[in-house]
Structure formats: structure tokens, C-alpha cells
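This report concerns only the one structure given below.
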Amino acid sequence: MTIKDITNHIEQLAPLAYAEDFDNVGLLVGSYLTKVTGVLVTLDTLEETVEEAIQKNCNLIVSFHPIIFSGLKKLNGNNYVERTVLKAIKNNIAIYATHTALDNSNNGVSAKMCEVLGLKNTKVLIPKKGIIKKLTTYVPYAEANNLRNALFTTGAGTIGNYDHCSFNVEGKGSYRGNDNANPVIGTKGELRFEEETCITVTFDSFLEGKILKTLFKTHPYEEIAYEIITLENRNQNIGMGMIGEFPIEMKESAFLNFVKKTFKTGCVRHSKLLNKNIQKVAVLGGSGSFAITNAIQASADAYISADFKYHEFYKAEEQILLADVGHYESEQFTKNLLVDYLTKKFTNFAIILSEKSTNPIHYI
């Protein structure tokens, strides 16, 4: 089994196309062709993580955070990033990171937070733009069903809870092949008018390669006219954060104590208590101050995230209870999510949960 076999399954859960533009996800160190001896799953990759992988005979580390985030210009071992990468390279250990690809996944970081909190009726807090594409192509009327079904099989035409979605318009196309042409219908040099169907289907951006491969393989024409555009529509099932509800309302004090216990944190920094019950809760793992307004607009009673700065607590505007549980604490269950997922995919292979806490923050 190769690293590519493992990462193909990870990318079904968290396609790299879902990652934010600023991020650095995918295979950061190593080759996809390397045979895997074992997989160590962790939140962060540090020198001690690489050492743990060595001791447990794992030559692939699947990490949530990328150890290489901004560009590396030198590898001299002058900081923890360089030392970690050098140690991995010297010991033939590959490093793969999911980060915001998993943040934006419908079954990713925020979904796991909702699960441990016991929230129901969950939905994405900030649906993502730019990941829905549209294919338009033209095919002889007699071949339209065959091509359309082939595209559906590849994953095109799925919108929310619906599949096999397409738009079709019948018309008449024209073409004339030159001396080097080999037309499937008609003869070279002849001006040909053909009854055609214009087929339009939408698809997730990460499927583009497969969609085009299917199009070229199935379409009967020698030269295929098609166009792909990115839509402005938001994918309601993909995006940052989630919002859900507790089965019953909770007092603010009880809610904060429950959050502190659930996330095993030394403290919960929170905004002003509003003397109201908590039932509808928004969550977002990691640095989530950018979504405070979204949580308010979604009518959340409380918002759980991390890394709120002093002035950002004012954004609560006495409309919502903000709860900062800590960056590591908000994302700590992510590695359990990945281990559970990979263990189900590879039942007879070593998928190991890292025993090391990589939280750089301590409480007194």
C-alpha cells in the first residue's frame, strides 16, 4: 500500500480543493509512491512527533496543521519547523496535512465539535463559494443519454440532496472538417448540420479531472466543444463552522461549565453574560473571530471558537455569548476523527493515534 492509497481516501473526506487559498495542504514531505509501514495521526507535527513515528514504525504522519505553512528558503535547522522537516527527511518519514480542507468538510472539524457537544439539526455556518463548477457541452442527440449518464456516474449533477441534475436544450450544430479531419458523422470537406443536445451539469471542483476524463472518453466527436466556469453559488454542505441545537436549553453558567469540561480546557474566556438560556450554538475550530458576525446573523445564542482578541469580545454586542476554549482545545478531537475514518477504510493496517499533546499553551 502506498501513501497515495492512503491520501486518496483522506481526500474523499477532505478534498484539497476545499482548502483556503492561503493554506498549504497535501503531501508536504515525501513521495506518493512510498510504501506505507504505518500511519501516525496527530494535530501538529513537531520533532517529538517524528520521533514517535520512528518508534512506532510509521513512515507517514497525517497531521491536521501543516508544519510548512509559509515558504521555506533554507533548511539549516535554525528553528523548530526546519528541524522537524530535516528529521522527517533523514528518517524517510512523509508528512501530509489536511488543515482547512478538513475545516471546510461537512464531516470535518466543526462537525466533530458538534458531535462531542451533542448538538442536533446541524448545518454549515459559512457556506463556501467558488467550489461549484458548471460544464456545458454539445453532443449528437442520439448520444446524449449515454454521455449524460456517464457524467452522472462520475459525480456530476449532484446538488444538495439531489443527483442526476442537468439542463438540456436541443438544437442544430454545424461543422466542416478539413483534409486532416476524421469526422465520426459526415465526411471531410462537407458542411454538416447535426441535431445536437446541449448538456449542462454542475459538479464539485475537486471532480474536474474525472469529469473531463469521462467527457473525452465518452463523447463521440473527434473535436469536443465544451466550457467550464466557476459559479458564484455557495455550497450549503461545505464551509467553515457549523451551527446546531442542544435538545434542551441550558443556563449560561451551566453551559460554560459544560463547555469547559467537554473541551478539557484550563479556562474558558467568554464575553458578558446576558442572563438568557443557551440552546442554539455555533462552533468553529481554531481561530474563529472572523465568524462572530455570522454566528450572530444565524441567531446563535452562543459561539464556541478560539483566539479571540481583546477588542473582538466587544463584537458580541450583547447579542451572543462568545466562548474562547483555546486553539488546541477546539481542534483536539480532529485526530480522533481522522483515526476513526482511516481505521474504517483500512481495517487490517496500522492507523495509530499520537499519544503526544502538542498544545504549546499551559495554564496555572
Side-chain angles (χ1 to χ4, degrees), residues 13-14 18-20 23 25 41-46 62-66 69 97-119 122-126 239-246 250 252 255-271 278 280-296 298 300-310 312-313 315-316 320-341 353-354 356-363:
L13 171 68
Y18 288 176
E20 298 299 314
D23 207 1
V25 295
V41 180
T42 182
L43 194 66
D44 304 279
T45 302
L46 304 174
V62 174
S63 178
F64 177 63
H65 291 128
F69 193 75
T98 61
H99 206 208
T100 56
L102 191 58
D103 274 319
N104 280 313
S105 170
N106 192 42
N107 295 304
V109 180
S110 295
K112 189 64 177 180
M113 292 175 70
C114 289
E115 178 187 320
V116 298
L117 286 166
L119 300 181
T122 58
K123 63 180 182 180
V124 173
L125 181 63
I126 310 175
M240 286 283 179
M242 298 197 86
I243 186 166
E245 298 175 340
F246 285 119
M250 300 175 67
E252 287 174 315
F255 167 76
L256 290 171
N257 285 324
F258 172 71
V259 168
K260 182 178 180 179
K261 181 179 179 181
T262 300
F263 288 93
K264 307 169 189 176
T265 182
C267 71
V268 176
R269 299 164 64 234
H270 63 84
S271 59
I278 305 296
K280 195 172 185 181
V281 179
V283 302
L284 197 155
S287 301
S289 61
F290 65 90
I292 292 173
T293 300
N294 300 91
I296 293 173
D301 301 312
Y303 174 46
I304 304 170
S305 190
D307 297 344
F308 296 157
K309 295 180 180 179
Y310 176 87
E312 289 168 342
F313 281 97
K315 292 183 179 180
I320 193 170
L321 177 62
L322 302 179
D324 183 334
V325 298
H327 194 119
Y328 175 90
E329 288 80 3
S330 69
E331 296 174 335
Q332 64 184 292
F333 303 106
T334 303
K335 59 183 182 179
N336 301 83
L337 181 161
L338 286 167
V339 167
D340 291 344
Y341 175 80
L353 178 69
S354 174
K356 303 291 184 181
S357 170
T358 55
N359 189 359
I361 299 172
H362 300 270
Y363 304 95

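- Using a 4.5 Å cut-off on side-chain heavy atoms (C-beta onward), V268 and F255 make no contact.
- Put simply, CZ on F290 and CD on E312 are 11.0 Å apart, with the number rounded to the nearest 0.5 Å.
- For the pair M242 and V124, the tightest heavy-atom approach, listed with the atom from each and the gap, is CE-N, 4.1 Å.
- Two residues are said to be in side-chain contact when any heavy atoms from C-beta on lie closer than 4.5 Å; L43 and Y328 meet this criterion.
- S105 is linked by a side-chain contact (heavy atoms from CB on, under 4.5 Å) to L13, L102, N107, counting only residues two or more places apart in sequence or in another chain.
- Taking all atoms of both residues into account, the shortest heavy-atom contact from G241 to S110 is CA-OG, 3.3 Å.
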task: Decide yes or no on side-chain contact (heavy atoms from CB on, under 4.5 Å) for T42 and K356, but give the supporting numbers first.
output: CA-CA 8 Å; T42 182; K356 303 291 184 181; over 6 Å; no
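- Residues L117 and F258 have side chains in contact (heavy-atom distance under 4.5 Å, counting atoms from C-beta outward).
- When every heavy atom of V116 is checked against every heavy atom of T262, the shortest pair comes out as O-CG2, 3.8 Å.
- In this structure, the separation between CD1 on I278 and CD1 on I320 is 8.5 Å, given to the nearest 0.5 Å.
- Looking only at side-chain heavy atoms (C-beta outward), E245 and V281 stay at 4.5 Å or farther from each other.
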task: Please report the C-alpha distance between E331 and H65 in whole Å, then the side-chain angles of each, then the deciding distance to 0.1 Å, and finally whether the side-chain contact (heavy atoms from CB on, under 4.5 Å) criterion is met.
output: CA-CA 10 Å; E331 296 174 335; H65 291 128; 2.9 Å; yes
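- With sequence neighbours excluded, no residue forms a side chain to side chain donor-acceptor pair (under 3.5 Å) with T122.
- For S305, there are no side chain to side chain donor-acceptor pair (under 3.5 Å) partners two or more places apart in sequence or in a different chain.
- Every pair tested for side chain to side chain donor-acceptor pair (under 3.5 Å) that includes a residue from residues 332-341 fails, sequence neighbours excluded, so the list is empty.
- The salt bridge (charged side-chain N to carboxylate O under 4.0 Å, His left out) check on D44 picks up nothing, with sequence neighbours excluded.
- Contacts of F69 classified as ring pair (Phe, Tyr, Trp, His ring centres under 6.0 Å), with partners at least two apart in sequence or in another chain: none.
- Partners of S354 according to the side chain to side chain donor-acceptor pair (under 3.5 Å) rule, which considers only residues two or more places apart in sequence or in another chain, are E52.
- Looking at residues two or more places apart in sequence or on another chain, you find no ring pair (Phe, Tyr, Trp, His ring centres under 6.0 Å) involving Y363.
- The shortest side-chain heavy-atom distance between Y303 and I296 does not fall under the 4.5 Å cut-off.
- With sequence neighbours excluded, the residues forming a side-chain contact (heavy atoms from CB on, under 4.5 Å) with S287 are D307, H327, listed by chain and number.
- Considering only residues two or more places apart in sequence or on other chains, D103 meets the side chain to side chain donor-acceptor pair (under 3.5 Å) condition with none of them.
- In this view, E115 and K112 satisfy the side-chain contact (heavy atoms from CB on, under 4.5 Å) rule, not counting sequence neighbours.
- Here the closest heavy-atom approach between residue D324 and residue F308 is recorded as OD2-N, 2.9 Å.
- In this structure S271 satisfies the side-chain contact (heavy atoms from CB on, under 4.5 Å) test together with F313, A316, L321, L322, sequence neighbours excluded.
- A pairwise comparison of heavy atoms in L337 and V109 identifies CD1-N, 4.4 Å as the closest pair.
- In this structure, NZ in K280 is found 8.0 Å from CG in D301, a value given to the nearest 0.5 Å.
- Taking 4.5 Å as the limit, every side-chain heavy atom of M113 sits out of range of all side-chain heavy atoms of L284.
- N294 CG to I126 CD1: the interatomic distance, rounded to the nearest 0.5 Å, is 3.5 Å.
- Of all heavy-atom pairs between T100 and E20, the closest is OG1-N, 3.0 Å.
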